[in-house]
Protein chains: 2
Amino acid sequence: MDFSGEHIFLVEDDQTLNFIVRDNLEQNGYKVTAVDDGQKAITEFEKDKFSICILDVMLPKKDGFTVAREIRKKDDHVPIIFLTAKSMTEDRIKGLSIGGDDYITKPFSMEELLLRIKVFLKRSLKPDNTDGIPVARRVGVYNFYFENLILECGDKRKTLTYKEAELLKYFCENSNKVLSRSEILMNVWGSDDYYLGRSLDVFISRLRRYLKDDPDIKILNLHGIGFRFNARLGKN
Amino acid sequence: MDFSGEHIFLVEDDQTLNFIVRDNLEQNGYKVTAVDDGQKAITEFEKDKFSICILDVMLPKKDGFTVAREIRKKDDHVPIIFLTAKSMTEDRIKGLSIGGDDYITKPFSMEELLLRIKVFLKRSLKPDNTDGIPVARRVGVYNFYFENLILECGDKRKTLTYKEAELLKYFCENSNKVLSRSEILMNVWGSDDYYLGRSLDVFISRLRRYLKDDPDIKILNLHGIGFRFNARLGKN
DNA sequence: TTCAGCGATTAACATTTCATTAACAAAACT
DNA sequence: AGTTTTGTTAATGAAATGTTAATCGCTGAA
């Protein structure tokens, strides 16, 4: 994903940190406006439109929260990430990251900051529509509702178990591709040993049974290598 | 449902937490009055009328329970949610909390706090509502008068408890959708632990019994995942 | 105050589900 | 042939769920 054009507002009084963060953000394709005290922050914020704000909590003149309040008066929705000192309340606020704002305790790594920025920007790009109607995949003659664990053929409905659904989904996402046994195990089971391998065989056997109404769907075995899932797929 | 206009009283001495919680509540359309010590809390509480109070237990000057008692003197019914440190033992908290209240241990997620607030507000809204014209929902062959807690099938009438009605309503609002156990618990109970999970099972069992006159209504379990409520719904 | 009644939670026990493991058969490769 | 890999079905055991009963805390009446 390309975030160029995203504009980040940075408020940090420590000159060194200010420079480093700014530089790193710019290296990553962001446009950055950086200031070093709370007073300037407020005047500067009014001049432009930002995608995200990064505020040091301890600032000369006006502290970060005051600045945050002023920002909120202008913009209800811009995400704010606070930079807080380690000493502050560490575990007391952990877990608060789900709400509108977030915080990072110093010292932090640039990777961490970049990651959080990415998460926020992604979130603001699309309204969270997670509770919409579950998407059906067409798998040959079947409809496969992964979220509901339903595999439907005409008016026959089969409710899959969670793991069956996971495996079928994985096959759909990698159809007509050779998948090694360990690749499948790592991606669906999360680990790989002999007995899980046998478990996989049991699941494959079961999926073949569920899918036998369409002769064009095949889970074929490559001896000693793995499997290939062949099917005509589509969205509804 | 729209809670805008609900006024929340927040007492939390930690500046970071105070700001973040306040900001998040405001983002969610609540009006918030926030103070940072027990002394101010008491003077401030007298000035206004609140729908719900969120009190940190450990406060400078006056601790949260003392504040709670003062609040109780003024208002018998306002719900109080305590924010407690993880270290506190369960029974100590329970012993100290006064009727009708709840507590959350830090660290907590904003999501969790918001859901609990929602559950409390829903509960306190109810009594005023009873004199409106009750709306019937059709649920299969049943009529469900949520406001009156009545489930009616032909001439048979069953009076539900408040929680039974809440759960059934939640199912109606999310029919034919997979609901995870914790999703249900968070939305109907406001929190999520093992024993509430068993409580949920008891309620499901009871709802199934109440609804068994219509064979097309199903609360079906997806093992290890949650439930799906299937029914033909409609308004009257 | 104590006591009965109610509703939610917790306990206790029964039942079901499902992934894994085992066991054996069939196929593929040496 | 002999060995390994895969297919299939059944047995196992742990965990999740279903169900009924006991318990707990609250409320309101006596």
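Chain identifiers are assigned alphabetically (A, B, ...) following the order of the sequence lines, protein sequences preceding nucleic acid strands; residue numbering begins at 1 within each chain.
- With sequence neighbours excluded, the residues forming a side-chain contact (heavy atoms from CB on, under 4.5 Å) with A:R208 are A:I204, A:I219, A:N221, A:F227, listed by chain and number.
- Aromatic ring centres of A:F82 and B:F19: separated by under 6.0 Å.
- With sequence neighbours left out, the side-chain hydrogen bond (donor to acceptor under 3.5 Å, both in side chains) criterion links B:N174 to B:K177.
- Under 3.5 Å, the side chains of B:N176 and B:R228 contain no donor-acceptor pair of N or O atoms.
- Taking atom OH on B:Y194 and atom C1' on D:dA16, their separation rounds to 9 Å, with Å as the unit.
- Remark: B:E112 engages B:R116 in a salt bridge, criterion side-chain N to carboxylate O under 4.0 Å.
- For B:N18 and B:E12, the side-chain atoms include no donor-acceptor pair closer than 3.5 Å.
- Taking atom CG on B:D193 and atom C1' on D:dA16, their separation rounds to 16 Å, with Å as the unit.
- A heavy-atom distance below 4.0 Å to DNA chain C is reached by these residues of residues 216-229 of chain A, ordered by number: A:H223.
- Ion pairing between a basic and an acidic side chain is recognised when a charged N comes within 4.0 Å of a carboxylate O; B:R22 and B:E26 show such pairing.
- Phosphate contact (OP1/OP2 of C:dA22, side-chain N/O of A:Y195, threshold under 4.0 Å): present.
- Listed by chain and residue number, B:K163, B:E164, B:F203 satisfy the side-chain contact (heavy atoms from CB on, under 4.5 Å) test with B:T161 (two or more places apart in sequence, or in another chain).
- Taken residue by residue, residues 160-189 of chain A places heavy atoms nearer than 4.0 Å to DNA chain C at A:T161, A:K163, A:W189.
- Using a 4.0 Å cut-off on heavy atoms, the residues of residues 198-209 of chain A that approach DNA chain C are A:R198, A:S199, A:V202, A:F203, A:R206, listed by number.
- Partner of A:R181 under the salt bridge (charged side-chain N to carboxylate O under 4.0 Å, His left out) criterion, out of A:D193, A:D192, A:D201: A:D201 alone.
- The pair A:R69-B:D23 does not count as a salt bridge, with every side-chain nitrogen at least 4.0 angstrom from each carboxylate oxygen.
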